[in-house]
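Here the structure is laid out as C-alpha cells; the discussion comes afterwards.
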Amino acid sequence: MSSAEIYKEIILDYYRHPRNYGKLEKTDGSARETNPLCGDDVEIQFSVADGKFGEIRYSGKGCAISQASTSMLTELAKGKQVEWVKELSKEDVFKMLGNPELGPARVKCALLGMKALKVAAYGYLGSKFEENNGSDS
Amino acid sequence: MSSAEIYKEIILDYYRHPRNYGKLEKTDGSARETNPLCGDDVEIQFSVADGKFGEIRYSGKGCAISQASTSMLTELAKGKQVEWVKELSKEDVFKMLGNPELGPARVKCALLGMKALKVAAYGYLGSKFEENNGSDS
Amino acid sequence: MLKSEALNVEKVRADFPILNRKVHGKRLVYLDNAATTQKPNVVIDTLVDYYSRYNANAHRSVHTLGEEATAAFEGARKTVSRFVGASSPEELIFVKGTTDATNLVRFAWAEKNVKRGDTIVTTLMEHHSNIVPWQLVAKKKGAEVKYVGLNKDGTLKMDEFEDAIRESPALVAVTQCSNVLGTINDVARICRLAHEAGAVSLVDGAQSAPHMPVDISKLGTDFFAFSAHKMMGPTGIGALYGRKSLLEGMDPFEGGGDMIKEVHTSGATWNDLPYKFEAGTSNIAGAIGFGSAANYLSEIGMDKVRRHEVELLEYALENLSKVKGMTIYGPEDADQRGGVLSFNLSDVHPHDLATILDERGIAIRSGHHCAQPLMEWLEVPATSRASFYVYNSFDDVDSLKEGLEKANEMFGA
Amino acid sequence: MLKSEALNVEKVRADFPILNRKVHGKRLVYLDNAATTQKPNVVIDTLVDYYSRYNANAHRSVHTLGEEATAAFEGARKTVSRFVGASSPEELIFVKGTTDATNLVRFAWAEKNVKRGDTIVTTLMEHHSNIVPWQLVAKKKGAEVKYVGLNKDGTLKMDEFEDAIRESPALVAVTQCSNVLGTINDVARICRLAHEAGAVSLVDGAQSAPHMPVDISKLGTDFFAFSAHKMMGPTGIGALYGRKSLLEGMDPFEGGGDMIKEVHTSGATWNDLPYKFEAGTSNIAGAIGFGSAANYLSEIGMDKVRRHEVELLEYALENLSKVKGMTIYGPEDADQRGGVLSFNLSDVHPHDLATILDERGIAIRSGHHCAQPLMEWLEVPATSRASFYVYNSFDDVDSLKEGLEKANEMFGA
Ligand SMILES: Cc1ncc(COP(=O)(O)O)c(C=O)c1O
Ligand SMILES: Cc1ncc(COP(=O)(O)O)c(C=O)c1O
C-alpha cells in the first residue's frame, strides 16, 4: 500500500484519536526513545500483573507514523505476557501498520515505539531476574 | 623545440661544463632561491664595479635546467649595468635557453636563477640608494 | 526589467539531467536546494573529462598529466576566487565544505587567538556548523558564545548585535543568508561594526554564494565559507576565503604533504599560501568541478539567478499563504530574503508532509535543518522547507501548493 | 599457479579510458600510481549515475532522492569496511584522505591522550602525513617523536623498534608499505608489540590497501588510514578505521551538522558512531565512487592484483638493474615489497629524467615523494619513482627501460 493510502486508512485514525496516551502514576517498566534527525520522541510506561502487561501508556510527540504505531503497539501489547516482546519483530510492526511502503528514514519512525517497548520490557525482565536470583548472592 | 632537443643542444653543455660556478670572497650582492617541490637550490653572488656586474658566480644543486639556466644567466649578466635586471624578463630567459617547450613545473626550474639574480641585484640597488641618500637623514 | 533579459527557465532545466527523472511515476519537483543542489551536464562532463583524460596528482608530478591536472586545479582556484570577489587566488583555500571551513578557522585561528574571558558573537539563526565550532573553542578557552536574537519577522536584532560588540568580541560569526528563514543579513555593515570593535569577522556564505552576487571585497569580511555542492558543484569540496594578513599569521591546520616546505626529523616549515592550509592530496576533481559550476552560474549571471528566485519567492509567498493552516516563517518581503521557505501546515508533522509530497514527486526537506537553536526560538520541533534554485519554475510552486492542499485533505483539515 | 587464474591485463586495461590517451603523440605509460591511480569506467559511471539520477543530501531528507543517496552512501561504507576487514561499518569513518585521517587521530585522540614526556614512535620511511601530525602534537604536549631507523636494504630496524617501545610510547604510527622504498612492514607484529607495550597503534594503509589483501581484523591495529584516489576511487575521499572502544572514548573532531545529537545555545551532545566524526555534508558522490572502486578491485581479486604487481616488480628489478648507472632503493626481494620502484640514474637529475621520459609518453614521479626524512637518510635530494598497478604491463616496463637508456645516451653516460 502506498504511504498516501496508509495515512488515510490507519495511521490518521490513531494520530487523531490516540489510544492509551498519557502517563501512569505507578510503573513497573518504562523507557523513552528519540530520533534526533526528526525530533520524534516517545515514552512508554507499563505496570505488570501476573507477568502480563497491565496498564500501558505512551506519551511524546512526533510524526503521525511514530505516534500512531506506538499507540497501536500499546493496544497490541496489553494483556500479553511481558516475555512476548522477545518475539516481537519489525515485521510484526509493519503488518500491524498494514505493510506500508516506507523508506528507511520513515521506517525508523515506525519502529521507534517498538524500540521503547523493548527497552522498557527488557529492563523489567532484567530487574525481575535479579530479584529472583538475589537470594543466591 | 622539444625538451628532449633542448637537453641535447644547450642545457647539457652548461650542466656538464658549468660556467661561473663557485663562490666569491667578497660580494656586493647575493641571494639564494630554492624550489621546495624539487629541491633545486641556487645561490648567486656578484661584485660591482662602476655600476656594472664585475665578478659573478653561482653555486647550488638541482636539475640540469635550473643549473644550466643559472650558469647562462651569469654569463649574460657579466659586464652589464646592474640596473639591467629591471628589464630582464621571463621571455629573455626562455630565449636564452632556445625557447624550449616547458611545462609549468619545469618553467619554475628555468626561472630560479633569474629570481635569485633579481633578488640579489635589487638588494644591491636598494642598499646603494640608502647610502646615497643617507646624508639627508 | 526587459523581457529579453529574463531567464529562460526551460533552457536552464534542459541542462540538468536529473530533472527528467520520475519519482513515484511523477515529474520530479526538486525543492530541497538548500540541502544540496542538482548538477548541470557541464559539471558532470568536467568530472568525466578529468577522470578519463588527465587525472593525476596535482603539484607533485612534472609529467604531462600532472601538469594538466595542476593547471586545471589552479585554474579552478582562480575561477572560484573571482566568483566571490576575492582579491587574490592565494586567499582561497580549498576545503571539504562550509563545515570544514569554519572548523579550519576554529583550529588554525580561534584556538590561538581566543582568550579566557573573550566573547564570540553569533546569532540564533545559524547553522550548526557556525555554532558548534565556537561552542567548542569557548569551552576549551574559557570564552563565551553570545547569540544575537531575532525580531518577530526573523531579522536580526541589530540593537542586540551592537550591544554584543561593545564588549570587543574576538570573533563575529554570522550567516549571510539563513537556511531556514531565508533572512539576508547586512553582513557588510556587520563586518564593518565588528572591525570597528576590534573583532575578526566570519561570514557563512553557504546559502548566499549560490544564490546572489557576492563580492567579498565589498563585504569586507575576514573569512568567508561556502560549499560547492550547494551551488551546482560536486560534493566534498568547498572554499574558505581568508584575508591574506590573517592567513599569514596563522599556524597551519592539518599536517602532511603539500602544506610543508621542509620536513626534518627535528621539525618542519610551512609552505606559502594557500598551500599551507591544504594538507594531503586535494579533492582535485572536486575543485575542477567547482570551477565549472562557478563558470556555469556566471554565464547565466548571478543577477538573473537572484531575480528569478525573488520572483519565485513572491509567487510562492502569495500563493502558499492562501493554503489553509499555513504558517510561514521569516521576513515577508521577498527582496529581503533568499529563496528558502520554511513553514508548518496545521497539525501535519513535517515528516508526514514530506512523505505525502514525495508520493507526488515533490522533494522538500523536513526537520530541524541543522539549526536547533532557531527551532527552539520558533518553538517548533521541526519545520517543512521548500527551497528554490534557478531551475525551478512557477509550475513547481503550483505543484507544491496542490500537494499541500492534498495533505490538508488527508489530514482532514 | 594455474595459467587460467592469471590476470588478463589487456581486459583490465580496456576498463580504463585514460589508457587510450596519447601523450606527446606516444602511448601513455602511466607509472605514477603511488601518487594517484587511474579510474575504471565503472567508477566514473557511478559518479555520473549519482549526479544525474539520485543526487541529494544524505541523512537529512526523507524524500526519495534523499533515501536513495543515503542508502548508496551507507552501502558504500559497508563495502569499504568489508574490503579492509573492519568488523563493523560504524568503525569506518569517511574522511578526505589519509592525511585527513591521521589528523583526525591527532586532534580527536592524540591531543587528549598524549601527555608531557610521552613518546610517539614512527619510522624514517614515513610519508609526511604520518610525521607532521605527530611532530605538532609532540610540540604542543611536550612529548617526543622517535624515528625507528632502517637497515641498508630499506627494511625497518626491528631491534630499534623494540627498544623504542620499551619506553611505553603513547602511539606507534607506522606505514604498512613505504611509498618510496616499497618496503612492506610486518604491521601485525608491530601492532602486537605496540599493544603489549601499552601503546595505541596506527597503520598508514595508503599504499597497502590498494595493492594487497588487507584484513584489519588480523592486523589488530587500532587505527588504519587510506585514500580512495590511490585505489581507483575518486579524489577527496578516504577512510579511517578506528577500533570502536577507542572511537567511543574520543571527543569529536570537527563540529557542525550531522555529528550532533542535540544543539542548544548552552552546548551540544554528540551523535553515534561513525557520524560523530563526520561533520557537515559528506563527499557523498566520492564515498559511493569509493565503494564502486572497492567492488571493482574485489572482482579482480586482491590476491591477483598483488601477484601481478610482484611479477611486474620482479621483471622490472631484473631488467632495470641492467641499465647503466642505475641505483635502485629498497628491499631486493619482490615478495617483500610493494610495486614501487625508486631509483637514481647516474647524474641525471630526477626532474630532468621525468621530463625526458614524459616526452616518450612515460609518466613517473620525481622529487622527495613527501618523505624528506627518508631522502636525508638516503642522502639524496630526490629520487625517480616508477610505481605499478594492476593495469600496467610488461610492455610498460620495457618502455621505461628504453626511456632510461635514452636518457643515459642524452646525458652522455
Ligand atoms: C604512504 C602514504 N601515506 C600517506 C599518503 C597521503 O595520502 P593523501 O595525500 O591521499 O592524504 C600517501 C600518498 O600521498 C602515501 O603514499
Ligand atoms: C547556512 C549554512 N551554513 C552551513 C552549512 C553547512 O554546509 P556543509 O554541510 O556543506 O558543510 C549549510 C548547509 O548544510 C547551511 O545551509
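Only this structure's heavy atoms are used, side chains among them; waters, hydrogens and symmetry mates stay out. From a predicted model like this one, the values you see are computed outputs, not experimental measurements.
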- Query: Checking side chain to side chain contact (heavy atoms under 4.5 Å, CB included) for the pair C/S227/D/T281: CA distance, chi angles, key distance, verdict?
  - Reply: CA-CA 9 Å; C/S227 301; D/T281 302; over 6 Å; no
- Can you list the steps and then say if D/H24 with C/T64 is a side chain to side chain contact (heavy atoms under 4.5 Å, CB included)? CA-CA 9 Å; D/H24 293 299; C/T64 298; 3.4 Å; yes
- Under the side chain to side chain contact (heavy atoms under 4.5 Å, CB included) criterion, do D/D258 and C/T99 qualify, and how do the steps go? CA-CA 10 Å; D/D258 294 331; C/T99 307; over 6 Å; no
- Message: As a quick check of understanding, evaluate side chain to side chain contact (heavy atoms under 4.5 Å, CB included) for C/V132 and D/W270, giving each step before the final call.
- Response: CA-CA 11 Å; C/V132 181; D/W270 314 133; 3.9 Å; yes
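Judged by distance alone, with hydrogens and angles left aside, the side-chain atoms of D/Q135 form a donor-acceptor pair with the main-chain N or O of C/H264 at under 3.5 Å. Panel note: side chain D/T235, backbone C/A285; a donor-acceptor pair is recorded below 3.5 Å.
Taking CD1 of C/I44 as the start and OH of D/Y51 as the end, the distance is 8.5 Å to the nearest 0.5 Å. In this structure, the separation between CD on D/E111 and CD on C/E111 is 7.0 Å, given to the nearest 0.5 Å. Rounded to the nearest 0.5 angstrom, C/E262 CD and D/H368 NE2 are separated by 8.5 Å. Taking OG1 of D/T265 as the reference point, atom CD1 of C/I131 lies at 8.5 Å (rounded to 0.5 Å). Within the model, atoms CG of C/N41 and OG of D/S52 stand 8.0 Å from one another, a figure rounded to the nearest 0.5 Å. A distance of 9.5 Å separates OG of D/S282 from NE2 of C/H229, quoted to the nearest 0.5 Å.
For C/Y275, the side chain to side chain donor-acceptor pair (under 3.5 Å) test picks out C/E74, with sequence neighbours left out. Residues forming a side chain to side chain donor-acceptor pair (under 3.5 Å) with C/Y50 (at least two apart in sequence, or on another chain): C/N55.
Heavy atoms closer than 4.5 Å to chain C are found in the side chain of D/E68, but not in its backbone. With a threshold of 4.5 angstrom between heavy atoms, C/E126 does not approach chain D through any atom at all. Heavy-atom distances place no part of C/E144 under 4.5 Å from chain D, backbone and side chain included. In this structure, the portions of C/D100 lying under 4.5 Å from any heavy atom of chain D include both its backbone and its side chain. Contacts between C/T37 and chain D at a heavy-atom distance below 4.5 Å involve the backbone alone (N, CA, C, O). Only the side chain of C/L28 comes within contact range of chain D, with heavy atoms under 4.5 Å apart. If you measure heavy-atom distances from C/R53 to chain D, the contacts under 4.5 Å come from both the backbone and the side chain. Heavy atoms of C/S366 lying under 4.5 Å from chain D belong to its backbone as well as its side chain. Using a 4.5 Å cut-off between heavy atoms, C/Y30 touches chain D through its side chain atoms alone.
Note on D/W134, D/Y54, D/F16, D/F94: by heavy-atom pairs under 4.5 Å with chain C, the leading option is D/Y54. Counting heavy-atom pairs closer than 4.5 Å to chain D, the top residue among C/P252, C/A363, C/G361, C/P133 is C/A363. Listed options D/G66, D/G280, D/G238 were ranked by heavy-atom pairs under 4.5 angstrom with chain C; first place goes to D/G280. Interface summary for chain D: among C/G97, C/G267, C/A268, the most heavy-atom pairs under 4.5 angstrom belong to C/G267. For the set C/I260, C/L19, C/N20, the count of heavy-atom pairs under 4.5 angstrom toward chain D peaks at C/I260. Ranking C/L65, C/N130, C/V43 against chain D, the residue ahead of the rest is C/L65, based on heavy-atom pairs under 4.5 Å. Note: D/S129 leads D/S266, D/S129, D/G367 in heavy-atom pairs under 4.5 Å with chain C. Note: D/R365 leads D/R106, D/M375, D/R365 in heavy-atom pairs under 4.5 Å with chain C. Looking only at heavy-atom pairs under 4.5 Å with chain D, the residue among C/L136, C/V23, C/D32 that has the most is C/D32. Counting heavy-atom pairs closer than 4.5 Å to chain D, the top residue among C/A371, C/G257, C/G256, C/P234 is C/G256.
Heavy atoms from other residues, nucleotides or ligands lying under 6.0 Å from NZ of C/K26 number more than 12.
Contact detail for C/V263 and D/E376: the closest heavy-atom pair is O-OE2, 4.3 Å. Contact detail for C/V62 and D/A354: the closest heavy-atom pair is CG2-CB, 3.3 Å. Between C/N57 and D/A35, the closest heavy-atom pair is ND2-O, 3.0 Å. Residue C/Q372 comes nearest to D/K261 through the heavy atom pair NE2-O, 3.6 Å, listed as atom of the first residue, atom of the second, then distance. In terms of heavy-atom proximity, C/I364 sits nearest to D/H63 at O-CD2, 3.2 Å.
Of the candidates D/N103, D/T102, D/L104, D/N103 is the only one forming a side chain to side chain contact (heavy atoms under 4.5 Å, CB included) with C/E254.
Aromatic ring orientation, D/F253 versus C/F107: tilted (interplanar angle from 30° to 60°).
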